[in-house]
Amino acid sequence: MGCNEEQHAVVSVINTLACRFPGHARADIEDAVCDEYSAFNSGPTRTMVPLLVERAAIQRLQGSRV
């Protein structure tokens with residue numbers, strides 16, 4: 001997955017979570033996704049990063065993780 005594809009996938013995650021969590025401010029969703037992306041960003045396998053970011057951000061937005 002190229003850099004532009006990965007960036008597009010992360011924006012897609014933000015949009016998906018904005019629909020899934022309408023009670024959260026978009027800025028909070030973006031912060032959660034960006035924080036989780038940073039945590040996964042240094043890993044050697046890039047293909048699964050957007051999915052891992054989405055799962056971690058969902059847990060965070062549901063209050064399971066802070």
Side-chain angles (χ1 to χ4, degrees):
M1 179 178 289
C3 184
N4 287 336
E5 291 174 305
E6 191 170 299
Q7 289 172 344
H8 179 72
V10 171
V11 169
S12 179
V13 168
I14 291 169
N15 291 334
T16 298
L17 295 180
C19 291
R20 186 168 176 182
F21 294 94
H24 284 74
R26 186 169 179 95
D28 292 340
I29 293 168
E30 290 173 357
D31 287 346
V33 170
C34 288
D35 288 349
E36 298 303 334
Y37 180 79
S38 293
F40 289 107
N41 197 25
S42 63
T45 306
R46 307 298 312 161
T47 308
M48 298 300 293
V49 168
L51 177 61
L52 296 170
V53 167
E54 181 175 2
R55 288 181 180 173
I58 287 170
Q59 290 177 343
R60 181 175 175 168
L61 293 167
Q62 289 176 332
S64 302
R65 242 179 78 189
V66 178

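Any value given below was found using the heavy atoms of this structure, including those in side chains, with hydrogens, waters and symmetry copies removed.
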Show every salt bridge (charged side-chain N to carboxylate O under 4.0 Å, His left out) that has at least one partner inside residues 10-29, sequence neighbours left out. Arg26-Glu30
Nearest non-hydrogen partners of Ala57 and Glu36, listed with the distance: N-CG, 3.8 Å
Quick check on side-chain contact (heavy atoms from CB on, under 4.5 Å): which of Thr16, Val13, Ile58, Leu61 does Val33 satisfy it with? Val13
When hydrophobic residues are tied together by side-chain contacts of less than 4.5 Å, even through go-betweens, does Val11 share a cluster with Leu17? no
Taking salt bridge (Lys or Arg N to Asp or Glu O under 4.0 Å) as the test, write out the residues that go with Asp35, two or more places apart. Arg60
Restricting to non-hydrogen atoms, name the atom on Ala18 and the atom on Ile29 that form the minimum distance, rounded to 0.1 Å. CA-CD1, 3.5 Å
Looking only at heavy atoms, which two atoms of Tyr37 and Val53 are closest? And how far apart? CA-CG2, 3.5 Å
CD1/Ile14 to CD/Glu54 distance, rounded to the nearest 0.5 angstrom? 11.0 Å
Is a donor on one side and an acceptor on the other found under 3.5 Å between the side chain of Ser12 and the backbone of His8? no
Residues forming a salt bridge (Lys or Arg N to Asp or Glu O under 4.0 Å) with Arg55, sequence neighbours excluded: none
